[in-house]
Amino acid sequence: MRIATWNVNSARARIDRITSWLSRSDVDVLAIQETKCRDDQFPALAFEEIGYEVAHHGTNQWNGVAIASRVGLSRLQIGFPGQPAFRDQLEPRAIGADCGGVTVWSLYVPNGRTLDDPHYEYKLRWLDALWDASASWLDASADRPLALVGDWNIAPLDEDVWDMAVFGNSTHVSDPERKAYQRFADLGFSDAVRPFTPGPGVYTYWDYTQLRFPRREGMRIDHMLVSSATHVTGGRIDRDERKGKGASDHAPVIMDVAVQ
DNA sequence: ATGACGCACTTGGTGCGA
């Protein structure tokens, strides 16, 4: 079974690109982030027309997550237990479902903005709460494949950004963020894609400005973490999808999972 | 190397992104 994750930077602006990509990528389950719309604005019909069920969680023009699946979509979960709020708002940053034998979570981890912004503290709280929820999911069913996929907004290693000097005191590379990410390994999670896409210089995001993409100046921040019960047979980053007019600033990240 | 920010919003300047 093939599972992908993609921060699309607006589902409505990019719907033709998304369905076109799905139609030629043999993807069974697509986790989507940054749909930037409410549920009633989400272009669900376009997914259904090409054979995918789709579930969306969005409340306004910010954030928004979805899962599209052609191998079933059951036990839908909107947000995770204990998910923190930001300024009293529970933001649409997590949606989960059982798809073809794998529990898939589409996650949009808070950006953090700057190290002294309340959003940074929120990001760390959000990651801690996700860790707690993940521990309880594994306690309940350790044998069931579980994938935490999406835009983690963390570059785990120095080589996951093109120049650490540029990121000196920025979010995405700070020690607390990296520790919060690495701590998932304590639960048995591993990066499904990295073994198949070794660095350095391998990224999933390139800023729209300053010719970052053609200069190959990006960041590796979109990850697929899988539980130890998840048997991964392949992984890939579709860098080509970042090319051309109307591209998202993120590329799709893909893994193949052997399911019984 | 596959190109010089893009999206959404009480639509035109602002918030957000990483």
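So you know, we letter chains A, B, ... as the sequences are listed, proteins then strands, and number each from 1.
- A heavy atom closer than 4.0 Å to some atom of DNA chain B occurs in A:Asp151, A:Asn153, these being the qualifying members of residues 147-162 of chain A.
- The cationic atom of A:Arg93 (NZ for Lys, CZ for Arg) does not lie both less than 6.0 Å from the six-membered ring centre of A:Trp62 and within 45° of the ring axis.
- Along DNA chain B, the stretch of nucleotides lying under 4.0 Å from any heavy atom of chain A spans, 5' to 3', B:dA1 to B:dA18.
- The gap from the C1' atom of B:dT10 to that of B:dC5 amounts to 25 Å, rounded to the nearest Å.
- Residue contacts shown for A:Arg215 are absent, as no nucleic acid heavy atom lies under 4.0 Å away.
- Within 4.0 Å of A:Asn7, counting heavy atoms only, lie sugar-phosphate atoms of the nucleic acid but no base atom.
- The aromatic ring centres of A:Phe47 and A:Phe42 sit less than 6.0 Å apart.
- When heavy atoms are screened at a 4.0 angstrom cut-off, A:Glu177 is found touching no nucleic acid atom at all.
- With rounding to the nearest 0.5 angstrom, the CZ atom of A:Arg212 is 13.0 Å from the CG atom of A:Asp249.
- A:Trp126 pairs with exactly one of A:Phe86, A:Phe80, A:Tyr181 by the ring pair (Phe, Tyr, Trp, His ring centres under 6.0 Å) rule, that one being A:Phe80.
- With respect to A:Arg70 and A:Glu53, no salt bridge is recorded, no charged nitrogen being found less than 4.0 Å from a carboxylate O.
- Between B:dT2 and B:dC9, the two P atoms lie 31 Å apart (nearest whole Å).
- Rounding to the nearest 0.5 angstrom, the gap separating the CG atom in A:Asp40 from the NE2 atom in A:His56 is 9.5 Å.
- When the C1' atom is used for both B:dA4 and B:dA8, the distance is 23 Å, rounded to whole Å.
- Here, B:dG6 and B:dG12 have their C1' atoms 16 Å apart, quoted to the whole Å.
- For the residue pair A:Lys36 and A:Asn9, a side-chain donor N or O sits within less than 3.5 Å of a side-chain acceptor on the partner.
- Where A:Gly112 and A:Arg38 each meet DNA chain B at their nearest nucleotide, the meeting point lying more 5' is that of A:Arg38.
- B:dT11 sits 15 Å from B:dG15 when the C1' atoms are compared, rounded to a whole Å.
- No side-chain donor from either of A:Ser74 and A:Asp98 sits under 3.5 Å from a side-chain acceptor of the other.
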In a table with atom names and distances, give each donor-acceptor pair under 3.5 Å that connects a side chain of residues 129-142 of chain A to protein atoms at least two apart or in another chain.
unit_1	atom_1	unit_2	atom_2	d
A:Trp131	NE1	A:Arg183	O	2.9
A:Ser134	OG	A:Leu130	O	2.7
A:Ser136	OG	A:Ala133	O	2.7

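- For B:dG13 and B:dG17, the P atoms lie 23 Å apart once the distance is rounded to whole Å.
- Using atom C1' as the reference point in both B:dC7 and B:dA18, the two lie 15 Å apart (nearest Å).
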